[in-house]
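What follows is a single structure, written as structure tokens, with notes after it.
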Amino acid sequence: MADEPQQDRTEQATPKRLADARKEGDVPRSRELTMSGVMLAGGAAVLLLAQSVFSDVERALKFAFKVDREQIFDTTYMQEALAISISNALIGLAPLGAIVLFAALFSATLIGGWSFSMKAVAFKGSRMNPLKGIKRIFSANSLNELWKALAKFGLVAAIAIAWLWFSVDELLSLGRLTVEKGIQHAWRICAVSFLVVSSGLIVIALADVPFQLWSYQKKMRMTRQQVRDEFKETEGRPEVKSKIRTLQQQIATRRMMQEVPNADVVVTNPTHYAVALKYDEGRMGAPRVLAKGRGLIAARIREIAEDHTVPLFSAPPLARALYRSTEVGEEIPAGLYTAVAQVLAYIYQLKDSSAFGAARLERPVPDVDEELY
């Protein structure tokens with residue numbers, strides 16, 4: 001989307017805009033959270049793996065400084081020794097590297113989740129524009145980064161000075177230890193100091209995460225025109241949707257009219273509403289609405305019913321109640337069971353009676369609750 005003035009972006013980002021931004025690799029991130037996670041995990045790993053790492057370092061040093069006279073005059077020994085030393089160092093530092101790598105990946109996904117996009121690392125000529133680079137340097141975001149850098153420096157420096165002052169006696173005691181024990185103790189002191197100093201980054205991360213989320217939401221805001229354009233793009237233009245709805249209604253009406261000849265009775269208003277009902281005791285739990293309509297559709301339902309000798313029963317309250325409370329294809333609600341049963345019983349009696357007997361049948365007056373119509 002084209003850049004718009006920030007003051008015109010008054011609408012919250014739509015799900016589609018957020019999804020498109022994620023595909024582009026644009027998700028909220030906090031470098032401070034990632035850095036604090038890596039530093040804390042690294043410090044904890046060094047402290048936990050201190051004995052193992054020290055043993056590997058000791059073994060590597062012994063191998064490096066223990067050289068026989070014959071090996072000194074061997075022109076290929078230095079290459080072999082270097083390769084062995086490098087492999088030993090990699091093996092010894094592999095657990096530490098794995099922990100730091102996991103911490104970097106995990107802390108980076110705490111906000112924004114996992115996102116991988118080649119578009120984010122693809123070459124863009126605009127990044128080579130020196131004018132845009134200068135603009136980024138003197139932007140408000142760069143100013144915020146400067147303040148964060150100064151705050152990090154000040155906080156970490158204060159914690160480091162306080163910790164060194166607290167640990168001065170322990171540092172001075174290293175001179176009274178043997179070389180082996182002194183190295184081990186110095187390694188532990190360095191690991192603990194690194195972990196303590198890194199803990200100060202937690203404060204900065206806790207302040208940076210809400211700011212990054214707010215900044216991202218602000219950046220993703222849209223103008224009203226962008227929202228309208230996106231709606232047209234995803235949902236279709238209103239006139240096209242209206243045309244589709246009209247065609248769908250026409251198809252549904254034709255299907256509905258095809259079911260009218262199968263009805264047992266058509267309950268009418270008698271002119272405004274018409275509802276065609278069907279009841280099959282073996283397949284239905286209650287009478288079902290095959291068709292319904294009002295106005296011209298109701299008139300068409302009555303015409304089809306008369307053409308196929310489907311009985312018409314005039315009962316205005318019942319017709320309105322059926323029309324308003326039941327959709328086509330659904331069974332009637334329980335509140336209309338008695339009224340519809342009276343009508344169907346009367347229709348069945350008409351079909352089974354002779355003309356003389358039909359004349360003597362008393363036409364029912366269905367009782368319908370006023371709340372239903």
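Sequential numbering from 1 along the given sequence is applied to the chain's residues. The analysis underlying the following values was restricted to heavy atoms, covering all of them including side chains, and did not include hydrogens, waters or symmetry mates. What you see is a predicted model, and the numbers here were worked out from it, not measured in a lab.
Atoms CD and CZ, on Gln250 and Arg254 in that order, are 6.5 Å from each other to the nearest 0.5 Å. Here Thr253 contributes atom OG1 and Gln258 contributes atom CD; the two are 11.0 Å apart, rounded to the nearest 0.5 Å. To the nearest 0.5 Å, the span separating CG on Leu33 from OG1 on Thr109 amounts to 9.0 Å. Atoms OG1 and OH, on Thr268 and Tyr273 in that order, are 13.0 Å from each other to the nearest 0.5 Å. The NE2 atom of His308 lies 9.0 Å from the CG atom of Asn262; values are rounded to the nearest 0.5 Å. Interatomic distance, Tyr337 OH to Leu344 CG, rounded to the nearest 0.5 Å: 12.5 Å.
Counting heavy atoms from C-beta on, the side chains of Ser30 and Phe211 never come closer than 4.5 Å. Residues Gln212 and Val209 form no side-chain contact, since every pair of their non-hydrogen atoms from C-beta on lies 4.5 Å or further apart. Side-chain contact between Tyr279 and Val340 is absent, with no heavy-atom pair separated by less than 4.5 Å. Contact check for Asp264 versus Ile347: no side-chain heavy atoms found under the 4.5 Å cut-off. Between Arg224 and Glu11, some side-chain heavy-atom pair lies under the 4.5 Å cut-off. Counting heavy atoms from C-beta outward, Ser173 and Arg176 have side chains that approach closer than 4.5 Å. By the 4.5 Å heavy-atom criterion applied to side chains, Ile161 and Phe166 are not counted as neighbours. Under the 4.5 Å side-chain criterion, counting only non-hydrogen atoms from C-beta, Leu101 is not in contact with Ile99.
Counting only distance, with no hydrogens or angles, the side chain of Arg320 and the backbone of Asn269 share no donor-acceptor pair below 3.5 Å. Between the side chain of Ser167 and the backbone N or O of Glu170 there is no donor-acceptor pair closer than 3.5 Å. Between the side chain of Thr309 and the main chain of Ala305, no donor-acceptor pair closer than 3.5 Å is present. With hydrogens and angles ignored, the 3.5 Å screen pairs a side-chain donor or acceptor of Arg29 with a backbone N or O of Ile111. With hydrogens and angles disregarded, a donor-acceptor distance shorter than 3.5 Å links the side chain of Ser107 to the backbone of Ala103.
In this structure Ala298 satisfies the side chain to side chain contact (heavy atoms under 4.5 Å, CB included) test together with Ala274, Arg302, sequence neighbours excluded. With sequence neighbours left out, the side chain to side chain contact (heavy atoms under 4.5 Å, CB included) criterion links Leu164 to Leu171. Listed by chain and number, the residues in a side chain to side chain contact (heavy atoms under 4.5 Å, CB included) with Leu206 are Ile202 (sequence neighbours excluded).
Residues Ala104 and Thr34 approach most closely at O-CG2, 4.0 Å, considering heavy atoms. Between Leu18 and Ala13, the closest heavy-atom pair is CD2-CB, 3.8 Å. Between Asp208 and Arg31, the closest heavy-atom pair is OD2-N, 4.3 Å. Nearest heavy atom pair, residue Gly42 against residue Leu96, reads O-CD1, 4.0 Å.
Side-chain heavy-atom separations under 4.5 angstrom define the hydrophobic clusters, and the remaining members of the one that includes Ile297 are Met256, Met257, Val260, Val266, Ile301, Ile304, Val310, Leu312, Val328.
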Identify every side-chain donor-acceptor pair in residues 282-293 under 3.5 Å, counting partners at least two apart or on other chains, and give the distances.
unit_1 : atom_1 : unit_2 : atom_2 : d
Arg283 : NE     : Asp280 : OD2    : 3.0
Lys292 : NZ     : Tyr323 : O      : 2.7
Lys292 : NZ     : Thr326 : O      : 2.8

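Within a 6.0 Å radius of CG in Leu247, more than 12 heavy atoms belonging to other residues, nucleotides or ligands are found.
Checked options Val265, Leu336, Leu277; the residue passing with Val343 is Val265 (criterion: side chain to side chain contact (heavy atoms under 4.5 Å, CB included)).
Aromatic ring orientation, Phe102 versus Phe106: parallel (interplanar angle below 30°, classes split at 30° and 60°).
Under a hydrophobic clustering in which Ile, Leu, Val, Met, Phe, Trp and Tyr are joined whenever their side-chain heavy atoms come within less than 4.5 Å, directly or via other members, Tyr216 and Trp214 fall into different clusters. Note on Val197: it clusters hydrophobically with Ile204, by side-chain heavy-atom contacts below 4.5 Å among ILVMFWY residues. A continuous path of Ile, Leu, Val, Met, Phe, Trp and Tyr side chains, each step under 4.5 Å between heavy atoms, connects Tyr348 with Leu318, placing both in one hydrophobic cluster.
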Requested in this report: May I have the step-by-step check of side chain to side chain contact (heavy atoms under 4.5 Å, CB included) for Leu201 and Leu40, ending in yes or no?
Outcome: CA-CA 9 Å; Leu201 298 176; Leu40 290 172; over 6 Å; no

Query raised in the report: Checking side chain to side chain contact (heavy atoms under 4.5 Å, CB included) for the pair Arg17/Met220: CA distance, chi angles, key distance, verdict?
Result: CA-CA 8 Å; Arg17 177 168 172 80; Met220 289 291 105; 4.2 Å; yes

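Listed by first and then second residue, the side-chain hydrogen bond (donor to acceptor under 3.5 Å, both in side chains) pairs that reach into residues 193-203 are Trp163-Ser193, sequence neighbours excluded.
Between the side chains of Gln225 and Arg228, at least one donor-acceptor pair of N or O atoms lies under 3.5 Å.
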